[in-house]
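Accompanying notes for the structure given below.
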Amino acid sequence: MPDKTVLVCQGTGCVSAGAEQIHISLEREIAELGLGGDVQVKRTGCHGFCQQGPLAVVEPEGIFCTRVKVEDTPDIAQSLLSQKKPPERLFYRDPLTGKVIPHYRDITFYSRQQRTVLKNCGYIDPEEIDDYLAVGGYEALRKTLLEMSPEQVIDTVKRSGLRGLGGGGFPTGRKWESCRRASQESRVESRESGRKTLGSGLQTPDSYVVCNADEGDPGAFQDRSVLEGDPHSVLEGMIIAGYAVGARVGYIYVRAEYPLAVKRLEIAIAQAREKGFLGKNILGNDFDFDIEIFQGAGAFVCGESTALVLSLEGKRGMPKPLPRPRTTQVGLWDKPTLLNNVKTFASIRWIITRGADWFAGRGTKKSKGTAIFSLTGKTANCGLIEVPMGISLREIVFDIGGGIPGGKAFKAVQTGGPSGGCLPAELLDTPVDFDSLTDAGAMMGSGGMVVVDEDTCMVDLARYFLDFTQKESCGQCSLCVLGTLQMLNILNSITCGRGRPEDIDLLIELGEAIKMGSICGLGQTAPNPVLTTVRYFREEYEAHIYERKCPARVCKDLISYRILPDKCKACMICLRGCPVEAITGGKKQIHMIDQDKCTRCGVCLDVCPERFSAVECIPGRLDNTLHSA
Amino acid sequence: MGEITFFIDGLKIEANEGDTILRAALEQGIYIPHLCYHPDLKPFGGCRLCTIEIEGRGLTISCKTPVEEGVRVITENPQINKARRIAAELIIANHYSECLQCARNTDCRLQDIATYIGIEEGRLQRLKRTVRDLPIDDSNPFFYRDPNKCVLCGICVRTCEEINGVGAIDFAFRGFATKISTLKDKPITESTCESCGECVDRCPTAALARKGSERPAREVKTICPYCGAGCGIYLGVRGDRVLSARGDRQNPVNNGQLCVKGRFGYDFVNHPDRLTTPLIKRNGTFVEASWDEALDLVVAKFKEAREEYGPEALGGLSSARVTNEDNYLFQKLLRSLGTNSIDHCARL
């Protein structure tokens, strides 16, 4: 047994920063020092702290090396030889206190988390089934098949209180129960009508289990990380689900944009088949189950259950309007279909092995267990986090996220991706669970969490998210496709300084109609970023419209740059840097910006030496007369 | 009549089990705005205009909700009207407003909706006009495809799939770029389209419109002359000219459906090359003759042949383009002449 293990993150973030080379180099260095027998170098999935990547962790001490480069690998290898710590420059430095923290358990980003679904991500090698087995993998499946009836499995999931972690929050156990019932009815029906066999003599399945891995929110990567870091936990959850609902075929609908996840899933499925966890007579039982991967073509709306099913059937993914039967009753190929998110399936093994009570003991009354977020934006620490349900937004932003860097003020947090809402500082104590977030006008969604500071324009932010949903609308509801287009046009004109007084009311009117009248979750939530920013940051909209000012100094048509005469040293740097020759002046002659020529590119501000700080950006438009006055 | 009784805006309605609320309402002459619904097709539910409230249950779309005994349907209230008005305004802001120049003027479902809602110019002006400027596909000799007038109701897509089983078109692209497209967005003539025109007939606007926008003065009920199927059609005529053809929905043979010939192949009627009198070949050239002359000649030749070679020497070739009754009489005639050699062009 090697004494030490170096875990080198091979998540997409770290890989794109060169982690594959680091792994190769580290292995070589260690071999050269003759440490091959004592130190094992292991490739793992995502550690979550992607901002600090590429990451390497030395176990068992739990020493956390950040921003590792290939050049650092000899030093890390040397430290292992000399039994010392790796050089301090690789350690995490607290962004606020500047303190160096060598162990990840001491970093607030990790210490305040409750990693369950993500427990093995960053710890095991996702391409080695033995690694998964070593941490208790497939024990839940074994327990299920040997000790539990399908009804008992469903009952356990029901009692655990698990709710769908794809964002919808539908009680998972109830979904499974309804699918099992429909599946049994379908089996009876097909037996009676004699349609059980296909021409080739193959049996047509009575029901399906489908894993929704069509993670499409911009900035969200929880599902990808789980698939890349711990693919077997998803497979195990799906197999248990298959046993519970009576399905023999499972599909994983994963975006083609996730090649690493697809590759690791393929490896995991092949290994699981080899070990007898997939295929015929699993673990010697009268239970067959197999899983296939289906790659989606990248349409956001295909994450919606009915659109996903259509896409899986090879058709254009467009959500089906209510009233219609649930997917659990009429789903893929019109058969009962259990559709759950990656994280939901990955939670199952813990519920089975540790029990429903253990799971139900965490979280809040109505939202049990943990929630996974991609924490991004203006926080000191960014990355993938798993927190108990009910934790406050404040704890996430200021403890785990480490607050806002650069002495800036917190402004808002957008939860739930483009479909979610923007919550202001007053709501920072909102508990993070399905119902509280929905009440506040936001949503859990797929788990994107974008923190913005005072330098972000809320109108521009709403415009950004709406631009995304507008482009991803499937085009079938006129309210959704045409309504979001009108809203986007309005936001564009507001940010360009052409906003009309009636625009705010029109945004609200359109937004509410779209929410009420759209078929699917995309349309029903697309106006959220606009409606919540209007609700909580109305004064910013009004400043754009009435004062022609962008208070956050983002919208180019509503800001100005000026040179402060008392600070300008007439050094000519900005004058030369200006791409449109808008700056006049000369040596020993104070510089001035011609506001008619200025394109607000900001080069003057960037190049003005910090010791002078003579250029400033201000909200609103100056004209030349005012400026000279 | 119906087995189920329910109420629309307090009015007692009888409907058949399995009917949707919208179908039942329309059959009773109660208009509920709709754009993507068509009685021949499965409900789609995209346009959201037919939203209604069922008392005690909340809002739903009437095109997909089946009738139930005793339910009380409300077709308008402030909440429904608000969303419906905005949906209609959005579609109208995205549509050409020059109705007089449109082939479907006064026969347009969008006009029905605009009339029902009652357009308020001031409200409409708040919205930006978003009509696209996409190329019109005029590759088909019989109809235009103008994507700028399309309301994305999907009726054409469903017609092609459900009625004709061809599937030549489908929704393509996303967001505002969504449109109805052939495979690889090629002209319709390069797709699997059979030009049956069923979609043209059902299109609620002029996104699919016949070439030639003249309307007939009156319609004549008749049978399509092309084949033995005998589809019922209405020919639209003005004086001697045939200007249109449409399927007879009451006709049990075709239930209103037609193929490309029946729907579009009527210009031969007024074509100058068409024969209008019998021709008799004299001295190597065809010369116009009266029916009496022509029939006398046929009788004379038949007699001559029969006397010289016997009745078996005679034969008759009939056509699928005449009626069953005519074909019956024709074989009767030939048999009375003593021959069984009777055939039919549809066997070729």
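Computed over heavy atoms, backbone and side chain alike; hydrogens, waters and symmetry mates excluded. If you're wondering where the values come from, they're calculated on a predicted model, not measured in any experiment. In what follows, chains are A, B, ... by sequence order, proteins preceding strands, each numbered from 1.
- A distance-only check finds no donor-acceptor pair linking the side chain of A/Arg326 to the backbone of A/Pro336 [under 3.5 Å].
- Among the residues in residues 520-532 of chain A, none has a non-hydrogen atom closer than 4.5 angstrom to a non-hydrogen atom of chain B.
- With respect to chain B, the highest number of heavy-atom pairs below 4.5 Å among A/Gly475, A/Pro321, A/Ser493 belongs to A/Pro321.
- With B/Glu55 contributing its side chain and B/Val71 its backbone, the two residues share no donor-acceptor pair below 3.5 Å.
- Of the two parts of B/Arg48, only the side chain, counted from C-beta on, holds a non-hydrogen atom closer than 4.5 Å to a non-hydrogen atom of chain A.
- Annotation: B/Tyr116 is in aromatic contact with B/Tyr31 [ring centroid separation under 6.0 Å].
- B/Thr205 places no side-chain N or O within donor-acceptor distance of the main-chain N or O of B/Cys150, the cut-off being under 3.5 Å.
- The parts of A/Glu509 that come within reach of chain B are both its backbone and its side chain, each placing non-hydrogen atoms under 4.5 angstrom from that chain.
- For the 3.5 Å distance criterion, the side chains of B/Gln101 and B/Tyr96 fail to qualify, holding no donor opposite an acceptor.
- Under a cut-off of 6.0 angstrom, the local environment of NZ in B/Lys128 is sparse, with at most 12 non-hydrogen atoms contributed by other residues, nucleotides or ligands.
- For the pair B/Arg72 and B/Phe7, the cation sits on the ring face: its NZ or CZ lies under 6.0 Å from the ring centre, inside 45° of the axis.
- Along residues 304-315 of chain A, no residue comes nearer than 4.5 angstrom to chain B, judged on non-hydrogen atoms.
- No hydrogens or angles considered: nothing links the side chains of A/Asn212 and A/Asp214 as a donor-acceptor pair under 3.5 Å.
- Proximity to chain B among residues 462-469 of chain A is not found for any residue, judged by heavy-atom separations below 4.5 angstrom.
- Between A/Thr327 and A/Thr337, the side chains place no donor N or O within less than 3.5 Å of an acceptor N or O (distance only, hydrogens not considered).
- Both the backbone and the side chain of B/Phe44 come within less than 4.5 Å of a heavy atom of chain A.
- Here the side chain of B/Arg145 pairs a donor or acceptor atom with the backbone of B/Ile180 at under 3.5 angstrom.
- Both the backbone and the side chain of A/Cys477 come within contact range of chain B, with heavy atoms under 4.5 Å apart.
- Of the possible polar contacts, none joining the A/Arg255 side chain to the A/Tyr258 backbone as a donor-acceptor pair under 3.5 Å is found.
- Ranked by heavy-atom pairs shorter than 4.5 Å toward chain A, the options B/Pro66, B/Cys47, B/Ala88, B/Ala172 are led by B/Ala172.
- Cation-pi geometry between A/Arg538 and A/Tyr541 is not satisfied (NZ or CZ under 6.0 Å from the ring centre, within 45° of the ring normal).
- A donor and an acceptor atom, one from each side chain of A/Asn341 and A/Asp223, are located under 3.5 Å apart.
- Annotation for A/Arg548: atom CZ counts as buried by contact number, over 12 foreign heavy atoms lying within 6.0 Å.
- Judged by distance alone, with hydrogens and angles left aside, the side-chain atoms of B/Arg158 form a donor-acceptor pair with the main-chain N or O of B/Gly154 at under 3.5 Å.
- Interface with chain B: from residues 478-492 of chain A, residues A/Ser478, A/Leu479, A/Val481, A/Leu482, A/Gly483, A/Leu485, A/Gln486, A/Asn489 qualify, criterion being any non-hydrogen pair under 4.5 Å.
- Interface remark: B/Leu59 contributes side-chain atoms only to the contact with chain A (heavy atom separation under 4.5 Å).
- Of the possible polar contacts, none joining the A/Ser186 side chain to the A/Ala182 backbone as a donor-acceptor pair under 3.5 Å is found.
- The number of heavy-atom neighbours closer than 6.0 Å to CD of B/Glu190, taken from other residues, nucleotides and ligands shown, is above 12.
- If you tally non-hydrogen atom pairs under 4.5 Å between each of B/Val151, B/Thr51, B/Thr130, B/Leu49 and chain A, the highest count goes to B/Thr130.
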